[in-house]
Every structure is written in C-alpha cells, then in structure tokens.
Amino acid sequence: MANYEKINIRGVNFLNVTLDEAAKVGEEMLRGDKVCTVFTPNAEIVQLCIEQNEYYDLYNSGDMVVADGAGVVKAAKILKTPVKGKVAGVELGEKMLAHCANSGDGVFFLGAKPGVADEAAKKMAEKYKGLRVVGTNDGYFKKEGEESDAVIAKINESGAKLLFVCLGVPVQEKWITDNKEKLTSARMCMCLGGSLDVYAGTAKRAPKIFIKLSCEWLYRLLKEPWRLGRMMKLPKFLFGTYAYKFKKKK
C-alpha cells in the first residue's frame, strides 16, 4: 500500500490523501489478500471520540481513515497540521464503483431501509456500465447472533470484493471490525453512513455551491432542522480545537 503520511487530529489518525489518492489506495486493497476497512469520520465523529474515549481505538483501527467533513479539515489547519483536503465518503464510494465497473469486481450493498439498497444497486448499475452489484441487504437486522451471521454468509456467498456497510455511526464501524475476520471474499469494506440513500435518490446531497463553500452542514440543517442538536457538535469541536491548541502551547 502506498506510503502516505498520517495526521493526528484531536486523537484520530487520518491518512493525508486527496480523493484520487484515496481511490488508488482502495484499488490496492481490492487487489490485496486481506480484509481492509475504510472509515470516513467527520467532526461529529471525532467529537464522539473526544467525549467517549473508548471510540478512539475503534476509529484508529481502520486501514484507511479519511477526513470526511469541512470541520476536520478546518481543525487540521487550526492545529497547523493541514490535510490535503476533504475526502467525502459518498464520493470515494462512487470512485470505487467506477473502478469495479471496469475491473469486474463484485459489490455488495449493506444497509439503509428495506428496498433502498436494491434501488441504489439499480441506479449505480445504470450509471456505471459493467458494474456488478452481486448482493444487497437492508440494515434492519440484529448486529449479533444468528441474524448477523446470516448476513455475513450472504455476503460471502455473493463473492463480493467491495462491501459497502451503511448502518450509521458508530454501529457500522463496530460491526465490520467485529466481523471482518469472518469474511471470505471481501477485500475492501467501506463504512459510508447514508450513502446508499444518496445513490438510490431517496436523499440528496447539498447543491454544489454549498459543497464548494464547505457548508453542506448548513444545507442539511435547513432541510432537516431537527438535526440542530447534532449540528452543535461542529462548533463545539472547532472551539474545543482552539482551546486544545492553546493548552498545548502553555
């Protein structure tokens, strides 16, 4: 795997890569002989780690951890350890789908409400000619015991090399970490939150102007005001980063 620098941002070790570089690392994972995990923490998730330290080990265990969010990029600048830029999980996921459409590697979509993964598979197969989505499963199963084992068996039987795990944080990262040794064919397991809803068209990303201005969070808040409590994690994280920097200087 390419030797990229890791940058510690408030205790989480991020791979310092561009979107294209992250995709190249992903291609190496698919060609490899071990099961690799890809995590895409944003500021809210890093704040979760700060408040509940037991999550540090979970997120830092990822084989590739990329900065998905303007808040993480901003924090890196505040700490004078800048990263190359934001690597949105939903965009990295599409990069890998485009690669698999060319390579012929099978893909499995796991997560979201019943029907969403199937619709995402249909839409992505139409967008990326040659893409083989060899299996789907919704996210409504018990994450331990027989139901979980049945999902793992389904993934293994599909022969998929690329697995999207979209169960929400931190459930998705914990589930794949606990179960990756049971996987037989998958080589790259990406934890991508609500990406299947975006691919299926049941949720929309922010308009390009919001993305360009690093204000996707504002678009989400305008569309879903009930997210206000969660969104308050972002200013808390950034103000906390300034305080953290000041404390380190003393």
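For the single chain, residues carry numbers from 1 onward in sequence order.
- Taking CG of Asn102 as the reference point, atom CG of Leu97 lies at 11.5 Å (rounded to 0.5 Å).
- Nearest heavy atom pair, residue Gly69 against residue Asn42, reads CA-CB, 4.5 Å.
- Here the closest non-hydrogen pair linking Val83 and Ala76 is N-CB, 3.9 Å.
- Note on ring orientation: taking the six-membered ring where Trp is involved, the planes of Phe164 and Tyr199 are tilted (angle from 30° to 60°).
- The heavy-atom pair separating Pro82 from Asn16 by the smallest distance is O-ND2, 4.1 Å.
- Lys161 places a side-chain N or O within 3.5 Å of a backbone atom of Leu30 that can act as its donor or acceptor partner.
- Side-chain atoms of Gln47 never come within 3.5 Å of backbone atoms of Glu44 as a donor-acceptor pair (strictly under, hydrogens ignored).
- Atom NE2 of His99 sits about 12.5 Å away from atom NZ of Lys95, to the nearest 0.5 Å.
- Residue Glu144 qualifies as open at atom CD: its count of foreign heavy atoms under 6.0 Å is 12 or below.
- With a 4.5 Å cut-off on side-chain heavy atoms, Cys189 and Leu183 count as touching.
- Contact check for Asp63 versus Lys34: side-chain heavy atoms found under the 4.5 Å cut-off.
- When atom types are taken as modelled, the side chain of Asp118 and the backbone of Ala121 share no donor-acceptor pair closer than 3.5 angstrom.
- The OG1 atom of Thr184 lies 3.0 Å from the CG atom of Asn156; values are rounded to the nearest 0.5 Å.
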Working for side chain to side chain contact (heavy atoms under 4.5 Å, CB included), residues Val25 and Glu21: CA-CA 6 Å; Val25 173; Glu21 288 170 343; 5.7 Å; no
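- One distance of note links SG of Cys49 with OH of Tyr56; it measures 6.0 Å at 0.5 Å rounding.
- Between Phe109 and Val165, every side-chain heavy-atom pair lies at or beyond the 4.5 Å cut-off.
- At least one donor-acceptor pair closer than 3.5 Å links the side chain of Ser185 to the backbone N or O of Ala160.
- Both Val46 and Leu238 belong to a single network of hydrophobic side chains, linked directly or stepwise wherever heavy atoms of I, L, V, M, F, W or Y lie under 4.5 Å apart.
- At distances below 3.5 Å, not a single donor-acceptor pair connects side-chain atoms of Asp138 with backbone N or O atoms of Gly111.
- Considering all non-hydrogen atoms of both residues, Phe141 and Leu167 come closest at CE2-CD2, 4.1 Å.
- Taking 4.5 Å as the limit, some side-chain heavy atom of Glu27 sits within range of a side-chain heavy atom of Met96.
- To the nearest 0.5 Å, atoms CD (Glu181) and CD1 (Ile152) are separated by 11.0 Å.
- Lys154 and Asn137 form a side-chain donor-acceptor contact under 3.5 Å, judged by distance and modelled atom types alone.
- The two atoms that bring Pro170 and Leu58 nearest to each other are O-CD2, 4.3 Å, heavy atoms only.
- Between the side chain of Gln172 and the main chain of Gly193, a donor-acceptor pair closer than 3.5 Å is present.
- By the salt bridge (charged side-chain N to carboxylate O under 4.0 Å, His left out) test, Lys182 is found to be paired with Asp149, residues two or more places apart in sequence or in another chain being considered.
- Clustering ILVMFWY residues whenever any of their side-chain heavy atoms sit less than 4.5 angstrom apart, transitively, puts Tyr140 in a cluster other than the one holding Leu110.
- At distances below 3.5 Å, at least one donor-acceptor pair connects side-chain atoms of Ser195 with backbone N or O atoms of Leu192.
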Stepwise salt bridge (Lys or Arg N to Asp or Glu O under 4.0 Å) check, Lys123 with Glu119: CA-CA 6 Å; Lys123 292 279 180 67; Glu119 184 64 19; 3.4 Å; yes
- request: Please test Val12 against Tyr55 for side chain to side chain contact (heavy atoms under 4.5 Å, CB included), starting from the C-alpha separation and ending with a verdict.
  value: CA-CA 10 Å; Val12 176; Tyr55 285 112; over 6 Å; no
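- Of the N and O atoms on the side chains of Asn8 and Asn13, at least one donor lies less than 3.5 Å from an acceptor on the other residue.
- In Lys74, the NZ atom is not crowded: 12 or fewer heavy atoms of neighbouring residues, nucleotides or ligands sit closer than 6.0 Å.
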- prompt: How far apart are the C-alpha atoms of Val134 and Val107, what are their side-chain angles, what is the distance that settles it, and do they pass the side chain to side chain contact (heavy atoms under 4.5 Å, CB included) test?
  reply: CA-CA 6 Å; Val134 293; Val107 182; 5.8 Å; no
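- Thr40 and Cys191 make their closest contact through OG1-O, 3.4 Å (heavy atoms, listed as atom of the first residue, atom of the second, distance).
- Using a 4.5 Å heavy-atom threshold, the side chains of Leu162 and Phe108 count as separate.
- Looking at heavy atoms from C-beta onward, Tyr128 lies in side-chain contact with Glu94 at the 4.5 angstrom threshold.
- In this structure, Glu51 pairs ionically with Lys236, as a charged nitrogen and a carboxylate oxygen lie closer than 4.0 Å.
- With contacts defined as side-chain heavy-atom distances shorter than 4.5 Å, the pair Met29/Arg187 does not qualify.
- Looking at residues two or more places apart in sequence or on another chain, you find no ring pair (Phe, Tyr, Trp, His ring centres under 6.0 Å) involving Phe14.
- In the hydrophobic clustering of ILVMFWY residues, with side-chain heavy atoms under 4.5 Å counting as a link, Met190 and Leu19 come out together.
- Cys36 SG to Lys180 NZ: the interatomic distance, rounded to the nearest 0.5 Å, is 7.5 Å.
- Side chain to side chain, Ser103 and Asp105 meet the donor-acceptor criterion of an N or O pair below 3.5 Å.
- Without hydrogens or angle criteria, Lys129 side chain to Glu126 main chain gives a donor-acceptor distance under 3.5 Å.
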field: Stepwise salt bridge (Lys or Arg N to Asp or Glu O under 4.0 Å) test for Lys174 and Asp178
entry: CA-CA 6 Å; Lys174 186 175 187 309; Asp178 289 345; 2.9 Å; yes
query: Given Arg10 and Tyr244, is the side chain to side chain contact (heavy atoms under 4.5 Å, CB included) satisfied, shown in steps?
result: CA-CA 8 Å; Arg10 302 297 305 279; Tyr244 174 80; 3.6 Å; yes
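- Using a 4.5 Å heavy-atom cutoff, the side chains of Ile155 and Leu163 are in contact.
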